[in-house]
Amino acid sequence: MIREACAILRDNPSCPFNYLCDVTAVDWYPSQPRFEVVYHLLSIPKKERVRLKARLDDESPVIESVTIGMAGRQLF
């Protein structure tokens with residue numbers, strides 16, 4: 001689902017978020033869901049930023065890659 005959200009933001013002609021600035025994670029132990037992955041995207045043409053967050057439990061903390069087809073970190 002995070003990959004689809006990033007693709008929608010990347011492909012939006014009115015404000016293309018075409019640069020992945022940062023990917024980080026937070027461990028909220030002992031809270032559940034325990035982990036949070038945070039993506040910071042930038043629209044270079046519009047000079048706007050957006051932050052996407054995805055929460056993961058500690059049973060299976062896996063998230064799909066968004067690292068194909070974007071400047072910076074090769075997003076999507």
Side-chain angles (χ1 to χ4, degrees):
M1 182 170 270
I2 193 72
R3 186 178 200 147
E4 289 84 5
C6 288
I8 289 168
L9 291 169
R10 179 196 62 200
D11 298 336
N12 182 343
S14 65
C15 193
F17 287 92
N18 54 346
Y19 187 79
L20 175 62
C21 301
D22 189 35
V23 177
T24 190
V26 180
D27 184 348
W28 291 104
Y29 180 81
S31 298
Q32 285 295 334
R34 179 174 173 179
F35 301 105
E36 182 176 73
V37 180
V38 184
Y39 299 86
H40 296 104
L41 305 177
L42 170 66
S43 172
I44 294 173
K46 298 285 187 169
K47 297 180 177 75
E48 294 182 5
R49 296 176 183 270
V50 68
R51 180 182 305 132
L52 301 177
K53 296 180 179 184
R55 299 293 300 259
L56 307 169
D57 63 32
D58 61 352
E59 294 294 319
S60 60
V62 176
I63 193 164
E64 61 187 332
S65 174
V66 294
T67 59
I68 300 169
M70 185 172 211
R73 305 287 193 286
Q74 293 297 319
L75 182 64
F76 316 114

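Each residue takes its place number in the sequence, starting with 1.
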Quick one, E59 and Q32 - any side-chain contact, counting heavy atoms below 4.5 Å?
no
Is a donor on one side and an acceptor on the other found under 3.5 Å between the side chain of D58 and the backbone of P61?
no
Which residues, ordered by chain and number, are linked to V38 in its hydrophobic cluster, where ILVMFWY side chains connect at heavy-atom gaps below 4.5 Å, directly or through other members?
none
Kindly give the heavy-atom pair with the smallest separation between Y39 and V66, and that separation in Å.
CE2-CG2, 3.4 Å
When rounded to the nearest 0.5 Å, the distance separating CG of N18 from CG of L42 is 7.0 Å
Of all the heavy-atom pairs spanning S43 and F17, show the shortest one and how long it is.
N-CD2, 3.5 Å
Minimal non-hydrogen separation, C21 against L41, with atom names:
SG-C, 4.4 Å
Members sharing V26's hydrophobic cluster (side chains within less than 4.5 Å):
W28
Going from CD on E36 to CD1 on I63, what distance comes out if it is rounded to the nearest 0.5 angstrom?
10.5 Å
Partners passing salt bridge (charged side-chain N to carboxylate O under 4.0 Å, His left out) against D27 (at least two apart in sequence or in another chain)
R34
For residues 44-56, please give each side-chain donor-acceptor pair under 3.5 Å, one per line with the distance, not counting sequence neighbours.
from, atom 1, to, atom 2, distance (Å)
K46, NZ, S14, O, 3.4
R51, NE, H40, NE2, 3.2
R55, NH2, P33, O, 2.6

